[in-house]
Amino acid sequence: MKILYDHQIFSSQNYGGPSRYYVKLAEKIYEFKHKPEIIAGYHLNEHLNNIKYKKIIKGKKVLLSKFINRSNKLKIYLGNLNQNTFSKVANSENPDIIHYTYYNNSDDKIKCKKVITIYDLIHEIFHEEYKKTEFYRPKKEIIQKVDNIICISNSTKNDLINYYDVDEKKIQVIYLGNDIKKNIKKNPKYSKYFSLPYILFVGKRYGYKNFDNLLKTFSENFNKLKDIFIICFGGNNFSKQEINKANNLKLDLNKLIYVEGDDDLLSLFYQNARLFIYPSKYEGFGLPILESFSNDCPVICSNTSSLPEVGGDAVSYFDPNKTDSIFETIEKTFFNDTFRNELILKGRNQSQSFTWEETALNHLKLYDD
């Protein structure tokens with residue numbers, strides 16, 4: 001089976017769950033003796049650098065990719081350039097399947113089965129954060145043009161139906177897998193952090209990611225949490241606004257630490273954390289939960305959207321809108337080794353339900369129907 005994945009997500013993401021998903025999916029489908037190709041064009045993406053089978057990719061990484069990622073105009077230019085390339089390849093190769101990696105492009109001239117994956121409904125639910133109207137529906141055109149829609153959780157499926165009134169028969173839920181394995185290599189450069197009593201926050205921190213409420217929680221419970229460090233991995237360094245926020249809350253800036261790096265380094269930070277915290281108000285899936293499980297890191301997270309679906313009973317949950325709920329869960333987990341060890345064991349079991357092999361097989365079944 002010939003399957004083409006387009007450039008969209010790779011033209012706009014240096015890192016991220018969606019681009020990681022397509023790389024892992026294409027790798028597994030290739031191992032199942034099919035013919036996936038990622039028509040990435042001139043891309044920004046780091047995950048493509050680490051793909052197992054270079055022959056899957058058509059394209060090359062551009063110079064200054066991090067700089068380009070900060071410019072919407074440059075990303076739009078890159079996307080338009082890559083769309084022309086994708087259309088030429090798709091028309092010449094006669095694929096069995098086109099799987100669009102984002103919601104903007106579709107070519108009516110290409111005659112084959114077309115699929116889209118919906119990761120979440122963040123832009124619709126949190127439209128105000130993106131300065132859009134209440135009736136912003138950016139996926140409307142693409143979901144009408146494709147033959148099948150994949151949702152990465154039942155939560156996302158329900159949101160899609162609520163916002164777009166899609167026929168349920170057109171949708172299939174396929175969970176993601178987990179690919180961050182436990183790193184056993186030491187990293188002396190960062191070892192000074194591993195002895196600190198810290199909680200780990202991974203990824204972007206703006207808006208619905210709810211980092212502000214985490215800072216408020218520490219401020220309101222300063223006496224009990226004052227010795228705890230917060231290490232933020234990825235998502236760009238602290239902004240002036242975040243620093244001002246921490247200062248206004250009278251938090252110790254020395255206990256807020258930013259780190260960035262690859263998956264091996266992230267694995268070490270999971271392993272040495274007292275806990276991983278995920279206070280997001282909404283997620284389409286929540287890959288960091290699985291990453292934590294595979295690195296024996298206890299997880300506490302919001303009780304919203306898809307997160308209980310992924311975490312099951314292996315997570316300690318809180319209400320992300322209530323700082324007292326966040327505090328109680330931090331306190332219960334951070335200072336109780338017995339409870340932490342219970343979560344670690346449950347996390348190991350829960351992670352076994354999510355593999356890229358099963359993800360790929362479910363995709364192939366949908367492609368072939």
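Across all non-hydrogen atoms, the minimal contact from N210 to P320 is ND2-O, 2.8 Å. Shown here for Q271 and N295, the closest heavy-atom pair between the two residues is NE2-OD1, 3.3 Å. Residues I180 and S267 share a closest heavy-atom pair of CG2-CB, 4.4 Å. Nearest heavy atoms, R137 versus Y163: NE-O, 3.1 Å. Scanning all heavy atoms of the two residues, the minimum distance from Y102 to Q8 falls at O-NE2, 3.1 Å. A pairwise comparison of heavy atoms in N14 and S65 identifies ND2-O, 3.5 Å as the closest pair.
Between H363 and H99, the ring-plane angle classifies as parallel under the 30° and 60° cut-offs. Using cut-offs of 30° and 60° for the angle between ring planes, the F269 and Y193 rings count as tilted. Taking the six-membered ring where the residue is Trp, W356 and Y21 present parallel rings, their angle staying beneath 30° rather than reaching 60°.
Counted by atom type alone, T85 and H7 present zero donor-acceptor pairs between their side chains at under 3.5 Å. No side-chain donor from either of N178 and S351 sits under 3.5 Å from a side-chain acceptor of the other. Judged purely by distance below 3.5 Å, without hydrogens or angles, the side chains of T101 and D6 pair a donor atom with an acceptor atom. With 3.5 Å as the limit, one finds a donor-acceptor pair spanning the side chains of E46 and N49. Looking only at atom types and distance, the side chain of S155 has no donor-acceptor partner in the side chain of E309 under 3.5 Å away. In summary, the side chains of S87 and Q83 do present a donor paired with an acceptor at a separation below 3.5 Å, with no hydrogens or angles considered.
Partner of T323 under the side chain to side chain donor-acceptor pair (under 3.5 Å) criterion, chosen from E328, K216, E220: E220. For the ring pair (Phe, Tyr, Trp, His ring centres under 6.0 Å) with F276, the lone residue among F293, F201, Y270, F233 that qualifies is Y270. Of the candidates Y206, F211, Y258, F211 is the only one forming a side-chain contact (heavy atoms from CB on, under 4.5 Å) with E242. A side-chain contact (heavy atoms from CB on, under 4.5 Å) with V315 is found for one member of V299, T329, L343 and no other, namely V299. Screening I161, I122, I171, L121 against T156 for a side-chain contact (heavy atoms from CB on, under 4.5 Å) leaves a single residue, L121. Of the residues listed (K58, K54, K55), the one engaging E37 in a salt bridge (Lys or Arg N to Asp or Glu O under 4.0 Å) is K58, and it is the only one.
Both Y5 and I174 are assigned to one and the same hydrophobic cluster, defined by single-linkage of ILVMFWY side chains at heavy-atom distances under 4.5 Å. Both Y367 and Y175 sit in one connected hydrophobic cluster of ILVMFWY residues. Membership requires side-chain heavy atoms under 4.5 Å apart, directly or through other members.
Listed for the S191 side chain is a donor-acceptor partner under 3.5 Å among the backbone atoms of P188. The backbone N or O of D319 lies less than 3.5 Å from a partner atom in the side chain of S325, making a donor-acceptor pair. The backbone N or O of S19 lies less than 3.5 Å from a partner atom in the side chain of Q13, making a donor-acceptor pair. Listed for the H127 side chain is a donor-acceptor partner under 3.5 Å among the backbone atoms of K132. A donor-acceptor contact shorter than 3.5 Å is absent between the side chain of N303 and the backbone of Y317. Using a distance-only test at 3.5 Å, with no hydrogens or angles considered, no donor-acceptor pair links the side chain of D120 to the main chain of G284. When atom types are taken as modelled, the side chain of N162 and the backbone of N158 share a donor-acceptor pair closer than 3.5 angstrom. With hydrogens and angles ignored, the 3.5 Å screen pairs a side-chain donor or acceptor of S306 with a backbone N or O of E283. Listed for the R205 side chain is a donor-acceptor partner under 3.5 Å among the backbone atoms of N236. K157 places no side-chain N or O within donor-acceptor distance of the main-chain N or O of I150, the cut-off being under 3.5 Å.
Under a cutoff of 6.0 Å and an axis angle of 45°, K281 and Y208 do not form a cation-pi pair.
Remark: K140 NZ to F135 CZ distance equals 12.0 Å, nearest 0.5 Å. Interatomic distance, OH of Y136 versus NZ of K139, reported as 8.0 Å (0.5 Å rounding). Note: Y30 OH to K52 NZ = 12.0 Å, rounded to the nearest 0.5 Å.
Atom NZ of K2 has more than 12 neighbouring heavy atoms from other residues, nucleotides or ligands inside a 6.0 Å radius. For D263, the CG atom counts as densely surrounded, since its 6.0 Å shell holds more than 12 non-hydrogen atoms of other residues, nucleotides or ligands. Within a 6.0 Å radius of CD in E128, other residues, nucleotides and ligands contribute 12 heavy atoms or fewer. Within 6.0 Å of the CD atom in E31, the count of heavy atoms belonging to other residues, nucleotides or ligands exceeds 12.
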Dump the intermediate steps for side-chain contact (heavy atoms from CB on, under 4.5 Å) on K245 and L215, then the final yes or no.
CA-CA 8 Å; K245 178 85 172 179; L215 294 182; 4.1 Å; yes
Show, in sequence, the C-alpha distance, side-chain angles and deciding distance for D96 and K113, and conclude whether the salt bridge (Lys or Arg N to Asp or Glu O under 4.0 Å) test is met.
CA-CA 6 Å; D96 300 294; K113 187 172 184 177; over 6 Å; no
